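Read the structure below first, then the notes.
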Amino acid sequence: MSEPAGDVRTHCPYCALQCGMALRPDQGGAAPLAVVGWPEFPVSQGALCGKGQNAIDLLGPVARLGTPLVRDGRGAALRPATWDEALQRVVSGIRSAQTAYGRDAVGVFGGGGLTNEKAYLLGKFARVALRTSAIDYNGRFCMSSAAAAVNRAFGLDRGLPFPLADVAGTDCVLLVGSNPADTMPPALRYLTRLADRGGRLIVVDPRRTRTAARADLHVRPVPGTDLALALGMLHIALAEGHVDEDFVAARTTGFEAVRATAMEYWPARVEGLTGVPAHQIREAVRMFAQAPTGMVLTARGSEQHSKGTDTVHGWINLCLALGKAGRPYSGYGCLTGQGNGQGGREHGQKADQLPGYRSLTDPAAREHIARLWGVTPGELPGPGTSAYEMLDTAGTPDGVRAMLVLGSNPVVSAPHADHVERRLRALDLLVVVDVVRSETAELADVVLPSAQWAEETGTLTNLEGRVILRRKAVEPPAQVRTDLEILSALAARLGRTEGFPADPRLVFDELRAASAGGRADYAGISYERISEENGVFWPCPADGHPGTPRLFLESFATPDGRARMVPVHHRPAAETTDERYPLYLVTGRVLAQYQSGAQTRRVAASRAAAPEPYVEIHPSTAGRLGVVDGEPVTVTSRRGTAVAPARLSTDIRPDVVFMPFHWFGPGRANTVTNPALDPVSRMPEFKVCAVRVAPVAALRSRPPGRPCAATAVQAL
């Protein structure tokens with residue numbers, strides 16, 4: 001079906017599925033636009049979850065920022081300001097910090113939801129206008145462990161090396177640490193089609209999520225033991241003769257070292273480490289190994305660990321040993337979370353990267369980008385510190401003294417969030433550019449209101465590596481500017497009047513040239529091609545190139561064309577349980593909310609569906625602790641305490657509790673999470689920490705009668 005004239009075909013502002021939607025002028029309605037389906041977009045085929053269907057609520061004046069805000073000194077309230085005053089405050093603060101402490105005293109913190117054009121120009125702004133090495137982004141909290149492992153194993157990092165539709169065509173999917181039923185519901189159609197064809201689904205998750213309920217086999221390991229499980233599965237595959245020796249010999253290196261390591265993880269040992277019965281591990285191996293084709297798909301549950309990179313290597317090694325990679329309907333893939341989690345790390349807002357997924361330490365890459373940007377290679381700063389490390393030292397003698405935050409809300413989304421909040425308060429200057437007045441914006445000295453998804457045009461790269469185009473449908477409010485306009489204005493005031501266009505098409509054309517010859521090559525992708533083809537897969541190195549929907553079918557992107565098998569060993573989580581902290585906390589998302597909740601908590605339908613945080617706990621554990629369903633409990637780690645109502649469920653292991661991470665205030669899950677970092681990816685260990693749980697009433701004196709959960713939370 002074709003959309004009527006006047007509809008603007010675009011994409012949802014939320015997750016990396018980037019579902020297609022059409023925005024229609026809403027004649028006589030309360031909102032300027034109505035959301036209708038776009039069946040021709042191949043990924044979602046007209047489907048949208050509730051978040052996408054209600055995304056236009058964000059365009060209303062109640063939900064969003066409408067004017068710049070500034071603060072007149074410590075303790076003063078934010079007040080409206082003109083753009084001229086606000087921008088001058090920013091530039092004066094930047095100059096003051098760099099004059100006193102050096103160029104690296106100014107940090108830039110980006111977001112995985114920024115368009116490719118914004119991510120590109122933000123990286124250029126940091127390195128050319130600010131001349132600082134201090135730039136990273138919240139995607140460090142998302143896909144960095146998978147990216148590190150995939151780059152090392154395959155030579156090229158793209159979340160999925162095949163179109164999402166291929167999932168329906170494989171014979172077995174091993175889904176590790178992912179719950180797409182809540183995080184990207186339209187993707188479930190592919191698992192349904194898989195089942196209709198007779199394909200099998202194995203889910204690895206300590207909770208029985210809505211996705212796990214669909215599985216042919218649900219494996220429930222102790223949090224933080226996914227790597228031991230992967231090693232144990234490879235051990236059984238070796239012992240039972242499932243290894244594809246011909247594939248291993250022809251298309252991989254490093255197998256003997258990996259074989260030797262896996263032999264140390266016999267079934268009884270792995271059962272002791274993971275809590276998964278040995279017979280169930282064998283069943284998972286046989287189901288996956290005996291399928292003619294198969295895929296391992298991981299997500300944050302398996303990756304957000306201090307050994308996340310090694311864990312991903314464990315799953316990649318399993319795929320390679322069984323010959324389930326580099327072939328049709330087989331392979332390892334990572335399910336990206338944020339809307340532009342893929343493109344956001346390809347074009348320069350990551351601490352160690354230049355556009356085109358080039359390394360900042362590669363002399364040839366520096367020469368290529370410097371020439372395009374009109375500077376010398378020596379003028380480009382070197383790599384900076386990772387996202388959490390920048391936040392951890394902010395406002396200290398060893399850290400940045402001023403920070404520009406674009407499209408991120410680290411006060412809610414960063415681990416050890418109380419500490420991060422204190423560090424941001426200690427800055428000499430905090431500037432937040434956002435569409436809403438987020439919790440991080442509440443701490444800022446200057447808040448700049450930016451246009452959002454339906455008010456500007458730009459490209460994103462979805463979880464498949466498909467570059468798509470979000471199109472402008474309405475004008476932003478009069479006192480709101482696009483991020484590109486803001487960066488252009490700041491660069492001009494800092495003396496860079498050239499090279500920072502506000503037109504997204506001009507920025508994208510420069511991005512194409514910058515990426516040419518790089519690993520993420522967009523040179524042959526144009527706005528016109530994206531429109532005509534419903535997206536173009538990178539790498540696409542020339543105008544006549546068809547794009548690359550499927551990677552690695554002939555060779556891997558390593559110098560010799562072979563995949564690298566990397567020996568890895570299980571090690572415990574950075575923080576294990578003990579008598580004082582006897583339970584594991586895992587965190588995650590719920591269907592109605594998204595990321596830090598800064599946007600979805602302002603949407604009435606999302607608030608109604610998921611109004612508050614909660615603590616999911618097994619009834620047997622609750623009974624032992626005196627916890628009552630619906631009543632407030634404290635969840636305490638070595639870093640702090642969160643408070644939220646208990647939700648009793650047999651869907652969780654008795655030694656585990658779960659909290660969604662979308663809320664601020666007493667129920668902020670990231671108050672208690674552990675910032676221990678993966679040594680390779682610098683990913684924090686969000687997904688497991690040791691906690692104790694207690695009823696609120698047990699921790700304080702109170703009159704007879706139990707207060708309601710909301711009252712108790714407010715009282716704390």
Side-chain angles (χ1 to χ4, degrees), residues 14-16 107-114 119 135-149 157 159 177-178 183 298-309 311-312 334-346 349-353 384-394 403 405-421 423-424 438-440 463 574 585-589 593-598 639 659-664 668-689:
Y14 294 114
C15 81
V108 177
F109 196 96
L114 300 179
I135 176 171
D136 210 57
Y137 79 127
N138 63 15
R140 181 74 67 172
F141 301 159
C142 181
M143 282 186 66
S144 58
S145 290
D157 161 43
S178 177
T183 58
T298 69
R300 309 302 82 71
S302 189
E303 301 159 12
Q304 286 181 323
H305 294 272
S306 59
K307 56 180 179 297
T309 302
T311 300
V312 172
C334 169
L335 296 175
T336 313
Q338 295 191 78
N340 200 29
Q342 181 68 53
R345 68 182 183 279
E346 294 169 358
Q349 65 171 334
K350 197 173 179 183
D352 57 351
Q353 286 177 359
T385 58
S386 72
Y388 182 77
E389 291 167 300
M390 187 185 346
L391 296 171
D392 180 43
T393 59
M403 186 181 294
V405 178
L406 248 76
S408 187
N409 190 18
V411 166
V412 177
S413 63
H416 198 4
D418 274 353
H419 171 68
V420 168
E421 184 176 345
R423 297 274 41 89
L424 293 179
S438 69
E439 288 77 15
T440 303
L463 79 172
L585 170 70
V586 298
T587 66
R589 286 173 50 187
Q593 300 289 352
Y594 178 72
Q595 301 300 83
S596 77
R639 288 155 297 283
M659 288 188 73
F661 56 72
H662 310 290
W663 284 271
F664 185 63
R668 179 175 59 185
N670 278 320
T671 296
V672 302
T673 51
N674 192 352
L677 300 181
D678 180 294
V680 178
S681 69
R682 316 309 287 169
M683 166 81 84
E685 190 154 73
F686 285 98
K687 280 299 182 282
V688 57
C689 67

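Residue numbers run from 1 in the order of the sequence given. Since the structure is predicted, the reported quantities are computational estimates derived from the model, not experimental observations. FYI, side chains are in, hydrogens and waters are out, and symmetry mates aren't considered; it's all heavy atoms of this structure.
Interatomic distance, OG of Ser144 versus CG of Asp352, reported as 10.0 Å (0.5 Å rounding). Taken to the nearest 0.5 Å, the CH2 atom of Trp663 stands 12.0 Å off from the CD atom of Glu439. Summarising the geometry, atom OG1 belonging to Thr671 is positioned 14.0 Å from atom CZ belonging to Phe661; distances are rounded to the nearest 0.5 Å. Here the CZ atom belonging to Arg140 is positioned 9.5 Å from the OG atom belonging to Ser145, to the nearest 0.5 angstrom. Distance CD/Gln342 to SG/Cys142: 10.0 Å, rounded to 0.5 Å. Taken to the nearest 0.5 Å, the CE atom of Met659 stands 7.0 Å off from the CG atom of Leu585.
Gln338 pairs in a side-chain contact (heavy atoms from CB on, under 4.5 Å) with only one of the listed residues (Asn138, Leu463, Leu114), which is Asn138. Between Lys687 and the options Gln304, His305, Glu303, a side chain to side chain donor-acceptor pair (under 3.5 Å) holds for only Gln304. Of the candidates Val672, Thr673, Asn674, Asn670 forms a side-chain contact (heavy atoms from CB on, under 4.5 Å) with just one, namely Thr673.
In this structure, the side chains of Pro675 and Asp392 stay at 4.5 Å or more apart for every pair of heavy atoms. Using a 4.5 Å cut-off on side-chain heavy atoms (C-beta onward), Cys15 and Tyr594 make contact. Side chains of Met403 and Leu391 form a contact here, defined as non-hydrogen atoms less than 4.5 Å apart. The shortest side-chain heavy-atom distance between Phe141 and Arg300 does not fall under the 4.5 Å cut-off. Contact of the Gln595 side chain with the Arg589 side chain is registered, since non-hydrogen atoms from C-beta on lie closer than 4.5 Å.
Contact detail for Leu335 and Ala299: the closest heavy-atom pair is O-CB, 4.2 Å. Closest approach of Thr336 and Gly341 over heavy atoms only: CG2-CA, 3.7 Å. Residues Ala387 and Phe109 approach most closely at CB-CE1, 3.6 Å, considering heavy atoms. The nearest pair of heavy atoms linking Val411 to Glu421 is CG1-OE1, 4.2 Å. Shortest non-hydrogen contact noted between Asp157 and Ala147 is OD2-CB, 3.2 Å. Nearest heavy-atom pair across Ala414 and Val420 is CB-CG2, 3.9 Å.
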Using side chain to side chain contact (heavy atoms under 4.5 Å, CB included), reason through Thr309 and Met683 one step at a time and then give a plain yes or no.
CA-CA 9 Å; Thr309 302; Met683 166 81 84; over 6 Å; no
Determine, step by step, whether Gln349 and Leu406 satisfy the side chain to side chain contact (heavy atoms under 4.5 Å, CB included) criterion, reporting the C-alpha distance in whole Å, the side-chain angles of both residues, the deciding distance to 0.1 Å, and the verdict.
CA-CA 11 Å; Gln349 65 171 334; Leu406 248 76; over 6 Å; no
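Here Arg682 does not pair with Asp136 in a salt bridge; the nearest charged N to carboxylate O distance is not below 4.0 Å.
Checked by atom type and distance alone, the side chain of Arg423 pairs as donor or acceptor with a backbone atom of Ala394 at under 3.5 Å. In this structure a side-chain-to-backbone donor-acceptor pair under 3.5 Å is present from Glu685 to Ser306.
Between Tyr388 and His419, the angle of the ring planes lies from 30° to 60°, which puts this pair in the tilted group.
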